[in-house]
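Scroll down for the structure; my scribbles are underneath it.
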Amino acid sequence: GSVGNVYMSYKLAGVLTLLLGVIGAGMEKRFLRDAADEALDAAVSSGPTLHLLALLNAHTRHRRPSAASKAAVLQERCLGNLRVGTVVNGGLQGDAASIDTMLLIRSLKWGLEGREQAGRDAARKSCRRLQRAVGATRFGELVDQSLEKDTSGKLTIQKAAGTGKTNSSASSQRGMT
């Protein structure tokens with residue numbers, strides 16, 4: 001029942017935190033980092049995607065850049081598994097309808113501000129996925145609601161998605177990717 005689900009959620013959150021910590025630790029034992037990396041990839045491929053996405057949201061702000069970057073990459077893969085953005089202006093379908101979009105947008109902002117390129121690229125791709133799914137107007141509204149007092153954060157998200165006032169620079173960058 002629900003007690004089992006709460007327990008599983010608690011355990012999954014602990015394991016996720018531990019594995020991201022191993023990745024971010026810069027340990028000499030490369031095999032441990034590689035094993036943690038493989039375990040996280042397997043979890044995203046076969047685990048409860050919506051739940052993992054919710055847990056990963058907080059980790060894009062991890063104090064270790066490599067762990068934050070990995071969280072952003074896994075977050076983007078979760079959105080892909082949930083098929084977010086596969087139907088232009090199709091909204092958030094199926095399980096994706098349960099995504100906490102305000103938390104996701106704040107998390108994407110942290111990913112875009114991360115120190116590692118892979119994490120920033122994944123966060124940018126996630127922004128484009130979400131914007132494609134909900135449409136430019138609704139995406140703008142969600143960004144405004146999520147980051148109401150964070151003007152620079154709003155611009156960062158809008159630029160990453162290729163919408164808003166920074167559209168001309170985002171369009172020219174899109175042609176290069």
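This chain uses plain numbering: 1 for the first residue, then up along the sequence. Not measured: the values here are computed from a predicted model.
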Nearest 0.5 angstrom please: [X] [atom1] to [Y] [atom2], how far?
| X | Y | atom1 | atom2 | value |
| --- | --- | --- | --- | --- |
| L40 | L74 | CG | CG | 5.5 Å |
| F139 | R128 | CZ | CZ | 11.0 Å |
| S66 | R33 | OG | CZ | 8.0 Å |
| T86 | R132 | OG1 | CZ | 8.5 Å |
| S126 | L79 | OG | CG | 4.5 Å |
| I157 | R106 | CD1 | CZ | 11.0 Å |

Nearest heavy atoms of [X] and [Y], plus distance in Å:
| X | Y | value |
| --- | --- | --- |
| A133 | G85 | CB-N, 3.5 Å |
| A71 | T60 | CB-N, 3.9 Å |
| L112 | R124 | CD2-N, 3.6 Å |
| Q75 | S107 | NE2-OG, 2.7 Å |
| A72 | G119 | CB-O, 3.6 Å |
| Q131 | A161 | CB-CB, 3.9 Å |

Under 3.5 Å, is there a donor-acceptor pair between the side chain of [X] and the main chain of [Y]?
| X | Y | result |
| --- | --- | --- |
| S69 | P65 | no |
| K109 | K154 | no |
| N81 | V44 | yes |

(request) Check each of V84, L56, N57 against L104 using the side chain to side chain contact (heavy atoms under 4.5 Å, CB included) test, and report the only one that passes. (result) N57
In this structure, would [X] and [Y] fall into the same cluster of hydrophobic residues linked by side-chain contacts under 4.5 Å?
| X | Y | answer |
| --- | --- | --- |
| L142 | L53 | yes |
| V73 | L52 | no |
| V134 | L50 | yes |
| L82 | L55 | no |

(request) Take Q117 and R120 through the test side chain to side chain donor-acceptor pair (under 3.5 Å) and record every step on the way to the result. (result) CA-CA 5 Å; Q117 188 65 45; R120 290 192 307 266; 2.5 Å; yes
(request) Compute whether any side-chain donor of one residue and acceptor of the other, for T49 and R77, lie under 3.5 angstrom apart. (result) no
(message) Less than 4.5 Å apart, side chain to side chain, heavy atoms only: is that true for T101 and L92?
(response) yes
(request) Determine whether D150 and T156 make a side-chain contact, defined as any pair of heavy atoms from C-beta on separated by less than 4.5 Å. (result) no
(request) Count the heavy atoms belonging to other residues, nucleotides or ligands that lie under 6.0 Å from CZ of R83, then report whether that count exceeds 12. (result) no
(request) Please check if atom NZ in K125 has more than 12 non-hydrogen atoms from other residues, nucleotides or ligands closer than 6.0 Å. (result) no
